[in-house]
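A quick write-up on the structure given underneath.
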Amino acid sequence: MRKSLPALDYVSIVASLYKDRRGMLLGTLASAVGAAACAFKAGSPVLYVHAALLLALVVARDYNIRAFYKADIAPDDVDAAEYWEGRAVFFGYFAALAYGSWCFSSAVFVDDVFAELVSITVTVAAMVGIVTRNFGSDKLMTVQVLGMGGPMVLGLLLSGDIYQAILASLFLPMLISFRSLGADVRNHLLSAVHERVAAKKLADQLDTALATMQHGLCMIDENGVIALVNGRAEQTFASIAEGAWVGRTVAELLSEAISRRALPHATADRLLRMIERQMGGKVIMKLSDDFHCEVTISSRGDRTVLLLENVTERVRTQERINYMARYDRLTGLPNRVQFTELVEADLARRRSLNRHEPAMLMIVDLDDFKHVNDSLGHLAGDKVLAETARRIGSVIGRKSHIARFGGDEFVIYRSVNTSGTSGATEAEEILSALSRPFVLDGENVDLKASIGFVRLIEDASDLDELISRADLALYKAKARGKGQWQEFHDALDVEFRYRQRLKADLREAIASEQIKLVYQPMVSLKDRSVVCCEALARWTHPELGPIPPMVFIELAEETGIVDEITRHVLTTATAECANWPETISVSVNVSARDLLSDMLAKDVSRALKASALPPSRLEIEVTETALIEDREMASRRLRALADQGIGIALDDFGTGYSSLSYLHEMPFSKLKIDRSFVADITTDARSAQLMANVARLGKDLDLTLTAEGVETEEQLALLSAHTQVDQVQGFLFGMPLPAGEIRSLIGSIGATPNAAPQLRLTRG
């Protein structure tokens, strides 16, 4: 049996052999008493011996059963079970011998009907007991039944009575039925054992799952009473209600949470309503101490399960994300998104109420803030911005909306307490607050700001229009010098509408190729030959006439289409340069936006390929203004072009803050000295000396030098005699000319060395 059954089944069957100790002992004791009664009636000493044998069996089996229970073998201890099975078999054989011999003696040696009847009846009853007690072991049960029934049948046959022989013949079907009954009981036992083990295993697994799961779990019955809850729920959410949850109703639990102010009344009502209606869904409960719990409700049949999850960190993370999406990390002020929503909501309210109360929008821009980042580092710049926000906040009223729009630009909006003079007064106070030195690592840094603002008196315009008008006022303030403020007025409105029209028409001008190119020559100071021509964009509006480049280029940058102009200039200029002598190159200006875009390199490559112009005949001109916004990015873009053999020129040198550092970091091949250095060199010795020193600096860096703004023979002669300038550019050698005229000029200058006087007419 040990080899044919799993360990658990085998041990369980062996244990079944030792069950019902009391019934077994009482039955055996009763058998001994019956044998003694028969001996007394029949006066048979033999039956007294059998009574004594049965009594000894009672004592021996009681000892064996007690020893088994004292051993307390494990459910899977097969070796111990095999030992106790052997002992059970031994005592089983002893019991079968005692009963079988009693029946044989009663039938053969004792001539007493009562003795035969008692012995046979008791033995058959014992057989039934064996079946119900020893069913687990088919071998033991069969041996015991045969051991009892065999002597009994033999005794009946030896008695010589035909009817007793018939009775003996009935033993065989009884034995078969006993074995069948034992097998059924054994199968029921094993099934019960398996089910109990499976149930225990499932219960253990459920207990383990409930104890180890990260979420709290609560099961509610059809009466709203909590039937099951794990420790995580009670521990994590102890603030809802104290004590055990099982046996309490959900309504009672939530009522206690409300009374303890651990849960809002509205949230509790919603949760209870969903449970009562068995509605699936989720509810986030905000508990005391800023603790958030997400309750997932699901129902099946008449049971409802609540899954309780601590989502405090998730909620806090989402709140941080929402804050970061709407507020500036550095200053803590609303960003453009948040500011736009607040102001547009107020403007919509004004329109719906048809109110004409004054409102004001103000833009504050730090002058030369990029210089702080470039010279002191971005950490210092961050400190300046944070301090700027604090100073502005200390001036404006609490009912104003202030935001950082990016970079060094701050925007203020207010629709209450705005009088006719409040804008100017606040602008003065802000400028005064910002004029105080900023202390950065023990060093005082002086900064100024420019302010433009617009007051809204009647119709509530949209935010974009207000910002555009305030920005126009800011532009005018900057044009008047640093540290100024300007209010938007009617005259600026005309300019505003003018600029808006130009913005709208500029796209059409680019698409219809209204943007034309003119070229201004750069002449070698050594032999007066043209070495390069600068390509300049010009726009003549069909109705408004010529539009200054500084106007439409600025508008193109504002509207994000300056790259289209650059692409057009590159394509046209390289194609034109291909018609010039091979010694002459062309120079194209690019903006800050171009340097921040990866399209510049692609546009340059496309233009060179289309025109078949060698890269060495193309120069790219940049100003310090274009380099300030992202110096590292600009350096990478320019170096990629320089590696192709394209010349890189720094335009308007000497007018910025950090020209020397740019010369060190950028791959420049040419330096174009600003016209301000040339203007007074013939009348001011210091100007002439400064010009010579700047030229010497460029030569020390192995750069080609071009002097801009040369307009007179005297300037040309002085530059030739006292500086190391390589090239000159200016009205002396011609104004910017269209393609056809620049070709004639190139041929004229190239064919007539030292012919500058004859070319003076080209100025007109």
Side-chain angles (χ1 to χ4, degrees), residues 367-371 373-375 407 475 478-479 482 517-520 522 532-538 548-558 560 562-563 565-567 569-570 573 585-597 599-601 603-604 618-642 646-679 694-695 697-698 701 703-710 727-730 736:
D367 295 323
D368 306 322
F369 172 72
K370 295 186 184 299
H371 174 57
N373 280 336
D374 292 340
S375 59
Y475 177 79
K478 284 182 172 292
K482 301 173 183 177
L517 296 191
V518 293
Y519 302 87
Q520 187 173 32
M522 302 178 200
C532 183
C533 292
E534 181 178 1
L536 302 169
R538 295 292 185 264
M550 64 178 299
V551 172
F552 74 81
I553 294 297
E554 179 182 332
L555 293 177
E557 290 180 339
E558 289 180 10
V562 69
D563 55 336
I565 296 179
T566 302
R567 188 177 304 116
V569 173
L570 281 168
S585 59
V586 67
S587 181
V588 175
N589 292 275
V590 298
S591 68
R593 184 180 179 89
D594 293 321
L595 289 179
L596 295 178
S597 170
M599 290 302 298
L600 177 61
D603 292 338
V604 169
L618 174 64
E619 282 186 359
I620 298 297
E621 290 192 21
V622 296
T623 62
E624 285 188 40
T625 303
L627 300 175
I628 287 176
E629 190 166 340
D630 191 335
R631 184 186 299 190
E632 293 183 3
M633 177 68 74
S635 179
R636 288 197 299 271
R637 302 279 195 237
L638 294 178
R639 193 166 298 280
L641 296 175
I646 297 170
I648 308 297
L650 177 60
D651 197 10
D652 300 332
F653 175 73
T655 60
Y657 289 99
S658 308
S659 297
L660 296 182
S661 63
Y662 289 140
L663 292 178
H664 175 70
E665 296 174 6
M666 304 292 176
F668 293 123
S669 56
K670 177 183 286 189
L671 212 60
K672 298 187 72 175
I673 304 172
D674 187 70
R675 65 181 62 251
S676 60
F677 286 85
V678 178
V694 170
L697 171 65
L701 295 175
L703 298 175
T704 299
L705 301 178
T706 299
E708 298 179 300
V710 178
Q727 303 169 5
V728 291
Q729 179 181 2

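None of these values were measured; they are calculated from a predicted model.
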Counterpart residues, side chain to side chain donor-acceptor pair (under 3.5 Å), relative to Ser597 (two or more places apart): none
Heavy-atom closest contact (Ser669 atom, Gly647 atom, distance): OG-CA, 3.5 Å
Interatomic distance, Glu558 atom CD to Tyr475 atom OH [nearest 0.5 angstrom]: 9.0 Å
Flag side-chain contact, heavy atom, 4.5 Å: Phe552 against Ile565: yes
Close side-chain approach of Arg538 to Val518, heavy-atom, < 4.5 Å: yes
Ser587-Glu621 side chain donor-acceptor pair, cut-off 3.5 Å: yes
Contact check, side chains of Ile620 and Leu570, non-hydrogen atoms, under 4.5 Å: yes
Contact summary for Ala573 and Ala535, nearest pair of heavy atoms: CB-CB, 3.8 Å
Straight-line distance of Leu697 CG to Leu671 CG, nearest 0.5 Å: 7.5 Å
Heavy-atom donor-acceptor pair, Ser635 side chain to Met666 backbone, under 3.5 Å: no
Closest non-hydrogen atom pair, Ala642 against Ile648: CB-CG1, 4.1 Å
Distance, nearest 0.5 Å, that separates CD1 of Ile673 from CG of Asp651: 11.5 Å
Interatomic distance, Asp603 atom CG to Asp563 atom CG [nearest 0.5 angstrom]: 7.5 Å
Between Ser591 and Asp594, a side-chain donor and acceptor under 3.5 Å: yes
Minimum side-chain heavy-atom gap Asn589-Glu534 below 4.5 Å: yes
Shortest non-hydrogen separation from Leu517 to Ala537 and the atoms involved: CD2-CA, 3.9 Å
Leu641 CG to Leu618 CG distance, which is reported to the nearest 0.5 Å: 8.5 Å
For Glu619, all residues meeting side chain to side chain donor-acceptor pair (under 3.5 Å), sequence neighbours excluded: Lys670
Gap separating the SG atom of Cys533 from the CD atom of Gln520, nearest 0.5 angstrom: 9.0 Å
Side-chain donor-acceptor contact under 3.5 Å, Thr706 with Gln727: yes
Side chain Arg637, main chain Leu595, donor-acceptor under 3.5 Å: yes
Ion pair check, Lys672 and Glu708, cut-off under 4.0 Å: yes
Exercise: identify the closest heavy-atom pair between Phe677 and Phe653: CE1-O, 3.6 Å
